[in-house]
2 protein chains.
Amino acid sequence: MIEAVNARDTRSYGHFCMLAKALERVGDRWTLLVVRDLLSGPKRFTDLMDRMAGITPKTLTQRLRDLEADGLVEVDRVAGRREVWYRLSPAGQDLQPALEELLLWGLRHVAEPPRPDEPAHPEHVLRALQLQLQREAVDAGSVRWTVHVRGADNYVLTGDGTRWELRIDPYGERTPDVTITATRSALARFLTTPALRDAQPQDVELAGKPAAIRTFLKAIEVFPPVAAGPAQNP
Amino acid sequence: MIEAVNARDTRSYGHFCMLAKALERVGDRWTLLVVRDLLSGPKRFTDLMDRMAGITPKTLTQRLRDLEADGLVEVDRVAGRREVWYRLSPAGQDLQPALEELLLWGLRHVAEPPRPDEPAHPEHVLRALQLQLQREAVDAGSVRWTVHVRGADNYVLTGDGTRWELRIDPYGERTPDVTITATRSALARFLTTPALRDAQPQDVELAGKPAAIRTFLKAIEVFPPVAAGPAQNP
DNA sequence: CTGGATCCATGATGATACTG
DNA sequence: CAGTATCATCATGGATCCAG
C-alpha cells in the first residue's frame, strides 16, 4: 500500500544531505526573511508585515505555522490579550551565522543603492552596516549611535573597538554620541551613497559633537563595500 | 500605465535588504544544491543529475540558466564535444561560507540516520564529515583517507592537524593511510551510526595499518553530532 | 484596529516521455 | 550526453472579507 504523501513530503528533497535537510526547513520563499526579522527580538504579526513589504497575510501565516511546526519559532498567545508574539526558538536563533554569511554575500555581490520607491526598513540597512563594520573589524573606539526614523522602532548601534552590536532601542536610555534622524528612504540613501555623506543632505539630521560625527562618517566609509562584480542587465 | 513585469520581477522581493537580494539569486528551490555540487569542481549535466536525485532535467536546465544569467555559473561549451561543463564563477564560489553554515545548522538540528531507500551520495556525506571535523578542530595528525564507492568518484579526505580538506581523487595518486570501500548506502550508514563503527559491518571494508584505522575510527566519533533537538513527528 | 481566512489567478515545479 | 515537450499539480500573489 502506497502511503499518502502530504505537501511536506512533496517539498522534501529526499536526499541524505544536511544542506538539503536544512533547506527543507528554511528554503521556502519568505522563510529566511521571517527568521531575519525575528532575530532582532519577538515581533507581532503586523510588525512582521511591516518589515516584509509585499508578503500577503496568508503567506506570512503559512510561514509562521511551518516554522512553529518545525520548532524554529515559538508563539506567545495570552488569553485576553489581542497581540500574538512570535519569537525564535534556540534552533531558530542558531541560524544567525548562516543568515549573516548570506547577507554579507549579498552585500559583496548584489549591493546597489536603493531605487527611489524601494521599501527600505531601517533594521535591514542597519543590520548590513553592523555586519560590515564587524567583518571589516572597523575600530572607532567606544561609540554609541542612535537612529530615529518616523514610523519605525529606534535603533542603537554600538561599538567597543572589537565588537559591533545593533539593538532595538525602545526608550533611548543612555546618551548617544551621535543621533541620526531621517526617513526610511533618506536613511537608506545616505548610508549607501558615499557621495551624499559629505554633502549633508537636508533629509538626514546628524546631532552630536563635531568630533563624534566625524568619527561616525569615517567609520561608515566601509559601507557598502565597493561593488566589484559586474552588473547583470540583460 | 502599468509596466509589464517579467517572471524575474515577480519573484523579486523588492526590498532594500541584502539578504533578500541574495535570496533572489539563490533562494529558488534546488539552486543552492546546484551550487553545493559545483563547489567540488566543474561538473557535467548528468553528474549534477546523479547528485541531485529527484530533480527533473527541465528544472536543472532552468537553474543552470538562471545561475549563468546572474553570473554565478560559467559554462564550457566546446564545439565538436558532446559534454558541457558547468563551473562556479568567483561570485559563486564565494557562497561557500554561507553554504557551510547552513549545512552545519542542518547537521546540528535535523541530523538523523539515512532511511533505507534514501539516496546518499558519498560527496554529501563526506562533506558533512569534513566540515564537522574542521568545526570541532579534531586533530588526528597528518592523515590521508580515501573513499571508494562503486558508481561514484573516489574521494580523498586529508587532515594536517589544523585543516581538513575533501577532494575528488580521480587517480588515487598517493598512498592513503586508510582506504574505505563501500556502497553509497553502506557508507552513509557506517559514518552516521556510531554503533556500527565497532561492529565492522561486512558491507564496509577498511584497509590500512591497524593503528591508522584506529585513528580513523576515533576521529569520526565527532560525526554526526549528538542530536539534541526534539524530533518533530506529528 | 489586529490577526487572520477565503476565493481566484498564475506561475513555478514535478512526472513522464521523447529527441538531436 | 544534454537536454525538450507536454501535461498535471501545487505554491504563491492579489484582492477582499471577517471575527474578536
Side-chain angles (χ1 to χ4, degrees), chain A residues 2 4-15 20 23-34 37 42-68 73 75-86 119 151, chain B residues 2 4-15 20 23-34 37-38 42-69 73 75-87 119:
Chain A
I2 308 253
V5 289
N6 57 29
R8 234 181 164 75
D9 293 335
T10 300
R11 296 188 56 78
S12 94
Y13 291 103
H15 297 180
L23 291 172
E24 288 171 9
R25 264 70 176 182
V26 301
D28 279 346
R29 188 161 162 77
W30 293 106
T31 297
L32 282 181
L33 301 187
V34 175
D37 287 334
K43 302 277 180 303
R44 294 169 299 181
F45 192 86
T46 43
D47 296 331
L48 296 171
M49 286 292 289
D50 174 43
R51 283 168 173 78
M52 286 180 278
I55 196 174
T56 65
K58 174 182 180 177
T59 301
L60 179 55
T61 300
Q62 188 63 48
R63 289 298 165 274
L64 289 168
R65 296 288 174 273
D66 291 345
L67 286 167
E68 187 184 3
V73 159
V75 188
D76 278 330
R77 297 174 189 275
V78 174
R81 189 183 61 183
R82 298 175 69 89
E83 302 97 312
V84 179
W85 289 84
Y86 297 92
Chain B
I2 311 256
V5 288
N6 59 29
R8 242 193 152 70
D9 292 338
T10 300
R11 296 189 56 79
S12 95
Y13 290 103
H15 297 179
L23 291 173
E24 288 171 9
R25 263 72 174 181
V26 300
D28 279 347
R29 188 160 162 77
W30 293 107
T31 297
L32 282 180
L33 301 187
V34 175
D37 287 335
L38 290 178
K43 302 277 180 301
R44 293 169 300 181
F45 192 87
T46 45
D47 297 331
L48 295 171
M49 286 292 290
D50 173 43
R51 284 167 172 79
M52 286 180 277
I55 196 174
T56 66
K58 174 180 177 175
T59 301
L60 180 55
T61 298
Q62 188 64 47
R63 289 300 166 272
L64 289 168
R65 297 288 175 273
D66 290 345
L67 286 166
E68 187 184 2
V73 160
V75 189
D76 278 329
R77 297 173 191 275
V78 174
R81 188 183 62 184
R82 289 181 71 89
E83 299 98 319
V84 178
W85 289 84
Y86 295 92
R87 57 187 157 81

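These figures come from a predicted structure and were not determined experimentally. To find a chain, count down the sequence lines: A is the first, B the second, and so on, and within it residues start at 1.
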**Student:** In whole Å, I'd like the distance from the CZ atom of A:Arg77 to the P atom of C:dG4.
**Tutor:**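 To the nearest whole Å, that distance equals 5 Å.
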**Student:** Only one of A:Leu60, A:Asp66, A:Thr61 passes side chain to side chain contact (heavy atoms under 4.5 Å, CB included) with A:Leu64; say which it is.
**Tutor:** A:Leu60
**Student:** From the set C:dG4, C:dA15, D:dG3, return the single nucleotide nearest to any side-chain atom of B:Thr56.
**Tutor:**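 Minimum distance to the B:Thr56 side chain belongs to C:dA15.
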**Student:** Within the structure, does a side-chain N or O atom of B:Trp85 lie under 4.0 Å from either OP1 or OP2 of D:dA2?
**Tutor:** no
**Student:** A:Thr59 side chain N/O closer than 4.0 Å to the phosphate oxygens (OP1, OP2) of D:dG13?
**Tutor:**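 Yes, within the criterion.
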**Student:** Give a yes/no answer on whether the side chain of A:Trp30 brings an N or O atom under 4.0 Å of OP1 or OP2 in D:dA11.
**Tutor:**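 No, no such contact exists.
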**Student:** Would you please confirm or rule out a distance under 4.0 Å between OP1 or OP2 of D:dG3 and any side-chain N or O of B:Tyr86?
**Tutor:**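 Result: yes.
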**Student:** Minimum heavy-atom separation for B:Gly14 to B:Glu24, with atom names?
**Tutor:**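 So the minimum-distance heavy-atom pair works out to N-OE2, 3.6 Å.
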**Student:** Starting from P on C:dG14, measure out to CG on B:Leu33 and report it in whole angstrom.
**Tutor:** 11 Å
**Student:** Rounding to an integer number of Å, can you tell me how far A:Lys58 NZ sits from D:dA11 P?
**Tutor:**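 Taking NZ of A:Lys58 and P of D:dA11, I get 10 Å after rounding.
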**Student:** Which distance, rounded to the nearest 0.5 Å, do you find between the NZ of B:Lys43 and the CG of B:Leu38?
**Tutor:** 6.5 Å
**Student:** Please list, in numerical order, the residues of residues 43-50 of chain A that have a heavy atom closer than 4.0 Å to any atom of DNA chain D.
**Tutor:** none
**Student:** Supply the atom-to-atom distance B:Met49 CE to B:Asp37 CG, rounded to the nearest 0.5 angstrom.
**Tutor:**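 Nearest 0.5 Å value for the CE-CG distance: 12.0 Å.
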**Student:** Under 3.5 Å, is there a donor-acceptor pair between the side chain of A:Arg29 and the main chain of B:Gly27?
**Tutor:** no
**Student:** So how far off straight is the helix from C:dC1-D:dG20 to C:dG20-D:dC1, going by the axes through five pairs at either end, to 10°?
**Tutor:**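 End-to-end axis angle: 40°.
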**Student:** OP1 or OP2 of D:dG13 versus the side-chain N and O atoms of A:Arg29: is any pair under 4.0 Å?
**Tutor:** yes
**Student:** So how far is it from B:Arg63 CZ to B:Lys58 NZ, rounded to the nearest 0.5 Å?
**Tutor:**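 Output value for this atom pair is 11.0 Å.
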**Student:** Assign each of B:Gly54 and A:Val84 to its nearest nucleotide of DNA chain C by heavy atoms, then name whichever residue's nucleotide is nearer the 5' end.
**Tutor:**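 Closest to the 5' end, via its nearest nucleotide, is A:Val84.
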**Student:** Measure from the side-chain heavy atoms of A:Arg63 and tell me the nearest of D:dG3, D:dT12, C:dT13.
**Tutor:**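 So the nucleotide nearest the side chain must be D:dT12.
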**Student:** Can you measure A:Leu60 atom CG to C:dG4 atom P for me and round it to whole angstrom units?
**Tutor:**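 Value for this atom pair: 8 Å.
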**Student:** Specify the separation, in whole Å, of atom CD of A:Gln62 and atom P of D:dT12.
**Tutor:**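 Nearest whole value for this atom pair: 8 Å.
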**Student:** Tell me: CZ of B:Arg81 to P of D:dC1, nearest whole Å?
**Tutor:** 13 Å
**Student:** Hey, what do you get for CH2 (A:Trp30) to OG1 (A:Thr59), rounding to the nearest 0.5 Å?
**Tutor:**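 Answer for the CH2-OG1 pair, A:Trp30 versus A:Thr59, is 8.0 Å.
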**Student:** Determine whether A:Met52 and B:Tyr13 satisfy the following criterion, side chain to side chain contact (heavy atoms under 4.5 Å, CB included), listing intermediate values before the conclusion.
**Tutor:** CA-CA 9 Å; A:Met52 286 180 278; B:Tyr13 290 103; over 6 Å; no
**Student:** Rounded at 0.5 Å granularity, tell me how far CD in A:Glu83 sits from CG in A:Asp76.
**Tutor:** 11.5 Å
**Student:** Could you pull out the closest heavy-atom pair between A:Val75 and A:Val84, with the gap in Å?
**Tutor:**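 In this case the closest contact between A:Val75 and A:Val84 is CG1-CG1, 3.4 Å.
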**Student:** Does a side-chain N or O of A:Arg11 approach OP1 or OP2 of C:dT13 to a distance below 4.0 Å, or not?
**Tutor:** no
**Student:** Can you check the B:Leu64 CG to D:dC1 P distance for me, whole Å?
**Tutor:** 16 Å
**Student:** Using atom CG of B:Asp28 as one end and atom P of C:dG14 as the other, report the distance to the nearest whole Å.
**Tutor:** 11 Å
